[in-house]
Amino acid sequence: MSPTNIIEELRWRGLIHQCTDENNLREHLSQSRVVYAGFDPTAPSLHCGSLLPLMMLRRFQHAGHKPLALVGGATGMIGDPSGKSEERVLLDTDVLAANVAGMAAQMQRFLDFDGPNAAKLVNNFDWMQGWSYIHFLRDVGKNFPVNVMLAKDSVKSRLEREDSGLSYTEFSYMLLQAYDFAHLSQKEKCTLQIGGSDQWGNITAGIDLARRMHGTQLFALTCPLLLTSDGRKMGKTEKGAIWLDGTRTSPYAFYQYWYNTADADVLLCLRFLTEIDQDEYRSLEKSLAEEPGARNAQKRLASWLTEFIHGSEGLQSALRASEYLFGAEISDLRDAQLLEIFNDVPSGTITRAELEQGFPLIDALVRVGLCKSKSDARRSMDQGGVYVNNRRVESAEMLLTPADLASESALVLRVGRRRNAVLRVEG
RNA sequence: GGGAGGUUGCCCGAGUGGUUAAAGGGGACGGACUGUAAAUCCGUUGCUUCGGCUACGCAGGUUCGAAUCCUGCACCUCCCA
């Protein structure tokens with residue numbers, strides 16, 4: 001990709017929500033520039049919410065620009081009020097430092113930290129920790145008209161709510177993010193900040209600040225937020241975030257999440273989160289319209305992202321697990337295979353002696369955590385929702401015996417379509 | 001400080017002495033259908049050694065019998081000062 005067509009690339013993908021004057025920006029980007037996006041270190045791993053901005057930086061890097069990934073070691077201590085309905089819980093310094101380290105490692109997958117336009121990781125704690133309050137008010141605060149700050153959507157919406165206020169601390173967040181941009185423009189020659197559309201106010205505050213402090217002209221570009229068709233954040237389930245760290249969200253679970261993307265959302269995800277080219281995109285779009293049951297778009301999305309995040313090995317294991325979990329009867333496996341395939345499902349153990357006497361399936365379901373009580377287990381059985389090694393159980397009184405083992409010392413229990421657990425035999 | 005009302009199962013919410021393990025709704029879960037989707041339909045949603053046992057803020061009391069009546073305590077909401 002050449003430096004000149006990044007705008008076109010973003011345009012067809014629908015990734016431009018708002019930007020400072022497009023013609024100027026296009027002209028500006030005709031040379032290699034320094035681009036930054038900020039990330040909130042609220043957890044020791046990145047989650048799917050960061051996929052979009054990271055891919056954005058990656059696209060810019062491929063187009064010949066130098067990406068700066070800013071982790072908010074300082075701003076994370078404050079909390080951005082944009083899009084939040086409540087005052088945020090403050091994180092302490094040690095936790096933040098650990099989170100920053102975890103995120104930095106994961107960014108290697110997205111950005112090339114070597115080479116001519118190497119990416120760079122910066123932490124605003126490094127330049128903010130030394131500030132004194134007086135110093136900050138004189139040099140930065142002086143440049144912010146409060147009436148302008150009050151007019152920002154992120155602030156206004158919070159002030160209009162009756163059930164929650166906005167603390168001075170959160171109100172000041174904008175100044176910190178604005179200062180980051182101004183600082184990076186001086187220290188790193190950064191001229192463009194990108195972010196989600198909810199960041200527009202904060203980004204433009206930085207542009208204003210840099211003009212006042214240094215007389216420089218900076219640029220902004222925001223992407224649409226990645227929302228599902230029913231308005232929720234993509235990359236989150238009722239049970240929590242989908243993480244990029246394989247120990248938090250296994251490659252299998254990660255693959256399944258994307259595989260199950262709704263038809264209405266899958267095209268958006270393909271454009272926003274992957275690097276498949278326009279021709280392939282068109283053919284997937286066509287496939288989705290003509291043979292939705294084949295779910296080629298979902299498959300491509302899931303495999304592209306899984307391979308990108310977890311490597312081809314991660315993808316292979318996710319595919320293998322998917323095949324077994326939704327496939328035929330499980331039998332004649334080796335322990336190692338079985339445990340690898342089912343590595344992220346809950347498990348429990350029984351003794352060899354218990355199995356040899358015949359262990360009630362009801363008790364096994366409770367032991368592995370698939371059912372919360374024996375009554376619950378019995379109900380699931382009565383409803384025909386219990387499977388041993390993918391084969392439906394007919395009798396509620398079934399006893400498990402060594403004949404039910406799917407490998408040397410393990411068998412697979414399932415309730416419903418997809419809640420699996422492994423029962424292992426000890427000794 | 002004075003007065004009024006409230007506290008029911010995962011959530012909301014009926015229920016004012018006797019089939020009330022507690023209406024109804026939401027959510028969740030299981031099944032059918034399907035495309036591991038959505039929608040729809042059906043079912044389930046305290047525990048159990050299936051004899052029972054424990055549940056309606058907490059602790060006592062009245063009664064053959066209480067979520068329902070009485071007393072005390074805790075918490076919440078509203079009104080007055």
Side-chain angles (χ1 to χ4, degrees), chain A residues 48 162-163 226-240 242 249-270 273 284-306 315-330 341-342 344-346 354 357-399 412-421:
Chain A
C48 287
E162 290 187 354
D163 54 344
L226 184 54
L227 298 174
T228 61
S229 48
D230 45 358
R232 289 174 313 199
K233 273 189 185 167
M234 198 77 215
K236 278 213 161 109
T237 65
E238 308 73 46
K239 290 178 182 112
I242 302 293
T249 298
S250 70
Y252 164 73
F254 184 86
Y255 179 87
Q256 285 293 321
Y257 176 80
W258 297 107
Y259 187 89
N260 281 312
T261 304
D263 291 4
D265 301 323
V266 68
L267 292 173
L268 192 68
C269 291
L270 280 167
L273 303 178
L284 289 170
E285 185 178 40
K286 187 163 171 246
S287 169
L288 180 71
E290 288 171 3
E291 37 166 6
R295 296 204 293 172
N296 290 320
Q298 279 90 341
K299 283 179 190 165
R300 186 69 176 110
L301 174 68
S303 56
W304 196 95
L305 283 172
T306 307
L315 175 61
Q316 289 317 311
S317 82
L319 288 173
R320 217 165 29 241
S322 300
E323 188 181 323
Y324 271 102
L325 284 156
F326 293 96
E329 183 168 347
I330 303 164
I341 291 166
F342 294 90
D344 67 328
V345 306
E354 281 176 316
Q357 290 163 16
F359 192 74
L361 177 54
I362 299 250
D363 292 302
L365 290 169
V366 176
R367 191 167 300 188
V368 297
L370 285 177
C371 296
K372 62 179 199 278
S373 69
K374 289 194 198 182
S375 301
D376 187 27
R378 197 159 266 129
R379 271 193 296 271
S380 295
M381 299 266 243
D382 291 344
Q383 295 181 127
V386 175
Y387 304 75
V388 173
N389 298 325
N390 270 356
R391 171 180 285 182
R392 179 178 270 170
V393 172
E394 305 296 339
S395 164
E397 303 308 319
M398 176 174 176
L399 297 176
V412 179
L413 302 176
R414 168 153 73 89
V415 173
R417 288 298 283 143
R418 61 177 75 171
R419 290 163 53 222
N420 287 277

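In what follows, chains carry the letters A, B, and so on, assigned in the order in which the sequence lines appear, proteins first and then strands, with residues in each chain numbered from 1.
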> Output the rounded distance in Å from CG (A/N420) to P (B/U36).
15 Å
> Heavy atoms, side chains only, cut-off 4.5 Å: are A/Y324 and A/N420 in contact?
no
> So, for A/V415 and A/S380, which heavy atoms are closest and what is the spacing to 0.1 Å?
CG1-OG, 4.1 Å
> At less than 4.0 Å, is any side-chain N or O atom of A/R378 found next to OP1 or OP2 of B/U44? Yes or no.
no
> When the P atoms of B/G35 and B/U19 are considered, how many whole Å apart are they?
49 Å
> Across the strands shown, which category fits A/G293 at heavy-atom distances under 4.0 angstrom: base, sugar-phosphate, nothing?
base
> Any strand is fair game: report the nucleotide pairing with B/G1 by Watson-Crick or G-U wobble, both distances under 3.5 Å, or none.
B/C80
> So for atom OH, which belongs to A/Y257, do other residues, nucleotides or ligands contribute more than 12 heavy atoms lying within a distance under 6.0 Å?
yes
> Hey, does A/S375 reach any base, or is it just sugar-phosphate, or nothing, if we go heavy atoms under 4.0 Å?
base
> Expressed in angstrom and rounded to an integer, what is the separation of A/M381 atom CE from B/U44 atom C1'?
15 Å
> Suppose we define a pair by two distances each less than 3.5 Å, Watson-Crick or G-U wobble; what does B/C29 pair with here?
B/G43
> With a 3.5 angstrom cut-off on both distances, give the Watson-Crick or G-U wobble partner of B/G51, or none if there isn't one.
none
> For A/V386, report the nucleic acid contact type (base, sugar-phosphate, nothing); a contact means any heavy atom under 4.0 Å.
nothing
> When we call it a touch if two heavy atoms are under 4.0 Å apart, what does A/R392 touch: a base, just sugar-phosphate, or nothing?
sugar-phosphate
> Supply the atom-to-atom distance A/Y255 OH to A/L315 CG, rounded to the nearest 0.5 angstrom.
7.0 Å
> Taking A/R414 for the side chain and A/G416 for the main chain, is one N or O donor matched with an acceptor at less than 3.5 Å?
yes
> Just checking A/R295: base, sugar-phosphate only, or nothing, at a heavy-atom cut-off of under 4.0 Å?
base
> Distances under 3.5 Å between protein N/O atoms and the N/O atoms of nucleotides 39-42 of chain B, please, pair by pair.
none

> Can you check the A/N390 CG to B/U36 P distance for me, whole Å?
14 Å
> How is A/T261 classified with respect to the nucleic acid when contacts are heavy atoms under 4.0 Å: base, sugar-phosphate, or nothing?
nothing
> Where the side chain of A/S373 is concerned, which of B/U36, B/U49, B/U48 is the nearest nucleotide?
B/U48
> Within the structure shown, what part of the strands sits under 4.0 Å from A/Q256 by heavy-atom distance: base, sugar-phosphate, or nothing?
base
> When you compare B/U40 with B/C33, how far apart are their C1' atoms, in angstrom units rounded to a whole number?
9 Å
> Per the side chain to side chain contact (heavy atoms under 4.5 Å, CB included) rule, which among A/V266, A/L273, A/L270 passes with A/W258?
A/L273
> With P as the reference atom in both, quote the distance from B/C76 to B/U8 in angstrom, rounded to an integer.
14 Å
> Starting from P on B/C33, measure out to CZ on A/R417 and report it in whole angstrom.
10 Å
> Does B/A38 have a Watson-Crick or wobble partner in any strand here, with both distances under 3.5 angstrom, and which is it?
none
> Find the partner of B/A74: check Watson-Crick (N1-N3 plus N6-O4 or O6-N4) and G-U wobble (N1-O2, O6-N3) distances, both under 3.5 Å, and reply none if neither fits.
B/U7
> Which base, if any, makes a Watson-Crick or G-U wobble pair with B/C69, both distances under 3.5 Å?
B/G61
> Distance check, P atoms only: B/C58 and B/U54, in whole angstrom units.
15 Å
> Compare side-chain N and O positions of A/Y252 against OP1 and OP2 of B/U36 and report whether any pair is under 4.0 Å apart.
no
> Does any N or O in the side chain of A/R320 come within less than 3.5 Å of the main-chain N or O of A/E323, such that one atom is a donor and the other an acceptor?
no
> Checking understanding here: a glycosidic angle within 90° of 0 is syn, the rest anti, so what is B/G60?
anti
> For a quick check of understanding: with a heavy-atom distance under 4.0 Å over all strands, which category does A/Y257 fall into, base, sugar-phosphate or nothing?
nothing
> Please report, rounded to the nearest Å, how far the P atom of B/G9 is from the NZ atom of A/K372.
15 Å
> Tell whether A/Q383 reaches the base of B/G31 with its side chain through a donor-acceptor pair below 3.5 angstrom.
no
> Between B/G35, B/U36, B/U44, spot the one nearest the side chain of A/P292, thanks.
B/G35
> For A/D263 and B/U34, what is the distance between atoms CG and C1' respectively, to the nearest whole Å?
12 Å
> Say you pick atom P in B/G18 and the same atom in B/G27; how far apart are they, in whole Å?
34 Å
> Counting Watson-Crick and G-U wobble pairs only, both distances under 3.5 Å, name the nucleotide matched with B/C56, or none.
none
> About how many Å separate CD of A/E285 and CG of A/N296, when rounded to the nearest 0.5 Å?
13.5 Å
> Do any side-chain nitrogens or oxygens of A/R379 fall under 4.0 Å of OP1 or OP2 in B/C47?
yes
> Rounding to a whole Å, what distance do you find between A/D363:CG and B/U49:P?
8 Å
> Is the distance from OP1 or OP2 of B/U49 to the nearest side-chain N or O of A/K374 less than 4.0 Å?
yes
> Establish, with yes or no, whether the OP1 or OP2 oxygen of B/C29 is under 4.0 angstrom from a side-chain nitrogen or oxygen of A/S380.
no
> Take atom CG of A/D376 and atom P of B/C10, then tell me their distance rounded to the nearest Å.
13 Å
> Say we look at B/A4 and B/C70: how far apart would their P atoms be, to the nearest angstrom?
14 Å
> Ignoring hydrogens and angles, tell me if any N or O in the side chain of A/D382 forms a donor-acceptor pair with the backbone of A/A396 under 3.5 Å.
no
> How close do A/V366 and A/A377 get, heavy atom to heavy atom, and via which atoms?
CG2-CB, 4.4 Å
> I'd like to know if the side chain of A/D376 and the backbone of A/K372 have a donor-acceptor N/O pair within less than 3.5 Å.
yes
> Looking at B/G24, which nucleotide sits across from it as a Watson-Crick or G-U wobble partner, both distances under 3.5 angstrom, or is there none?
B/C12
> What integer number of Å spans the P atoms of B/G6 and B/A21?
25 Å
> For A/V366 and A/Q298, find the nucleotide of RNA chain B closest to each by heavy atoms; which residue's nucleotide sits nearer the 5' end?
A/Q298
> Distance between the P atoms of B/G57 and B/U68, in whole angstroms?
8 Å
